[in-house]
Amino acid sequence: MKKAVVLGGAGHIGSYLVPMLVKAGYAVTSVTRGKHQPYVTDRAWRHVEHLYLDRSKDSQFAAKVAAINADVVIDLISFTLVDTQKMVAALKATKLSHYLFCSSVWAHGRAETLPADPNGVKHPLDEYGKQKYASEQYLKQAYLETGFPATVIMPGQISGPGWIIMSPLANGNTDVFQQIADGQAISLPNFGMETLHLVHASDVAQVFFKAVTHRNQALGESFHAVGTSSLTLYGYALAMYRFFDTTPQINFLPWDAWKKVINNPVDVDKTYYHIARSGQYSIANAQKLLDYQPQYTPIEVAEIAVQSYLDRGIIHHA
């Protein structure tokens, strides 16, 4: 039986990915910082080994992962080039046949052309994106020069039931959903044409799983884990008014005026970095090489997540 290790196994992606691997016949070890419960329940978890390690505190983290001697290592929690380099160095002496690295569409920054190519040149805007892109480049070079069996997967805004999603204002503040549910007016920045890329965590897990099962096609490649379309802030807001059966009241404000209305530096900063990356991300190579078929549209993802808000009492609607 082949072994698979999922670093961050109880997180958003791992909650769906780990059961997929178990059901495909892998002996799976889930590595987490603590005894966290996955976001969704599945009987497959009864067959999972658990290893509790803290990457940020344990200097032997990579060595301990390598000691499992797994065939597949799926790294969902590497956020710096240094951590990626340490993991690669430790895994070289094992029987590893595939290392899958979780990057992000944030590595793109501002795109030159659309749809953006996952294997193209990127221009990240912040340290998070720069570190992800640096790891991508390092892994591509390692594959070309030494044959290190790497694949890069770049999720959009991971969404679903049980956690906070990006709102039509492109930040995590849930107040706008309550305003829409109450039939109130909302204000979008600029013309509301910037885009978000809400993707269900199960669809992201699908890309990772299919990259594992289509190993030869996936090696040395980068793939976007998003839906078939992007969602404008305007379209998102309209969809939420429809969801709550309230009359759309959508205003548009120039950026500086919108910032003053929001009057929350954290929310404004979050919105800025999301809409500055507006674009469309191609999944053509994931469809062709991996047979990736997203199950959910971005609007369906939003509706599922907002229904979870209602179920949990985060927002209310008669």
*Regarding S222 and K140, is there a side-chain donor-to-acceptor distance under 3.5 Å anywhere?*
yes

*Are K270 and D267 close enough for a salt bridge, meaning some N to O gap below 4.0 Å?*
no

*Of all heavy-atom pairs between V199 and V226, which one has the smallest distance, and what is that distance?*
CG2-CA, 3.9 Å

*Starting at CH2 of W106, measure out to CZ of R277 and round the result to the nearest 0.5 Å.*
4.5 Å

*asked:* Could you report the tightest heavy-atom contact between A90 and A66, atom names first, then the distance?
replied: O-CB, 3.4 Å

*In plain terms, say whether R215 and D71 are close enough for a salt bridge, that is, a side-chain N and a carboxylate O under 4.0 Å apart.*
no

*Between F177 and M240, what is the shortest heavy-atom contact and its length?*
CE2-SD, 3.7 Å

*asked:* Using modelled atom types and a 3.5 Å cut-off, is there a donor and acceptor pairing between side-chain atoms of Y234 and backbone atoms of F191?
replied: no

_E194 side chain to A276 backbone, donor-acceptor under 3.5 Å_ = no

*Are side-chain heavy atoms of R55 and S78 found at a separation under 4.5 Å?*
yes

_Please find the pair of heavy atoms, one from Y281 and one from H108, that lie closest to each other, and give the distance._
CE2-CD2, 3.4 Å

*Does M87 reach the side chain of F61, with side-chain heavy atoms less than 4.5 Å apart?*
yes

*If every non-hydrogen atom of F252 is compared with every non-hydrogen atom of G192, which pair is closest and at what distance?*
CD2-N, 3.9 Å

_Atom pair OG (S167) and OH (Y236), whose distance is rounded to the nearest 0.5 Å_ = 6.5 Å

*Other residues, nucleotides, ligands: >12 heavy atoms within 6.0 Å of K210 NZ*: yes

*Mark yes or no for whether K3, through its side chain, and I68, through its backbone, hold a donor-acceptor pair below 3.5 Å.*
yes

_Nearest 0.5 Å, please: how far is CE in M166 from NE2 in H274?_
4.5 Å

*How long is the gap from CD1 on I74 to OH on Y26, to the nearest 0.5 Å?*
8.5 Å

*For the residue pair Q85 and V88, establish whether any side-chain heavy-atom pair is separated by less than 4.5 Å.*
no

*Give a yes or no on whether the backbone of I283 and the side-chain of Y292 come within a donor-acceptor separation of less than 3.5 Å.*
no

_Exam field: side chain D42 to backbone W45, donor-acceptor pair closer than 3.5 Å_ = no

*asked:* As an exercise, state the distance from NZ of K23 to NE2 of H47, rounded to the nearest 0.5 Å.
replied: 10.0 Å

_N/O donor-acceptor pair under 3.5 Å between T29 side chain and E49 backbone_ = no

_Side chain proximity check, Q307 to F243, heavy atoms < 4.5 angstrom_ = yes

*With sequence neighbours left out, write down each residue that passes side-chain contact (heavy atoms from CB on, under 4.5 Å) with S103, or none if nothing qualifies.*
F101, A107, K132, E136, V152, M154

*Considering non-hydrogen atoms only, spot the tightest contact between W255 and P189 and give its length.*
CE3-CB, 3.9 Å

*Check for a donor-acceptor pair, side chain of D182 on one end and backbone N or O of Q184 on the other, with a separation under 3.5 Å.*
no

*Quick one: does T94's side chain have a donor or acceptor within less than 3.5 Å of a partner on N69's backbone?*
no

*Is there a side-chain contact between F208 and T151, using heavy atoms and a 4.5 Å cut-off?*
no

*Within a strict 4.5 Å, meaning less than it, do heavy atoms of the L290 and E221 side chains meet?*
no

*For residues H200 and E300, is any side-chain donor paired with an opposing acceptor at under 3.5 Å?*
no

*asked:* Whether the side chain of S159 engages the backbone of Q157 through a donor-acceptor N/O pair (distance < 3.5 Å, no angle test) should be reported.
replied: yes

*Consider only side-chain N and O atoms of Q137 and Q141, and report whether a donor and an acceptor are under 3.5 Å apart.*
no

_Check whether T195 reaches the backbone of G279 with its side chain - one donor and one acceptor, N or O, closer than 3.5 Å._
yes

_Any side-chain heavy-atom pair of K259 and P254 under 4.5 Å_ = no

*CG of L188 to CG of L169: how many Å apart, nearest 0.5 Å?*
6.5 Å

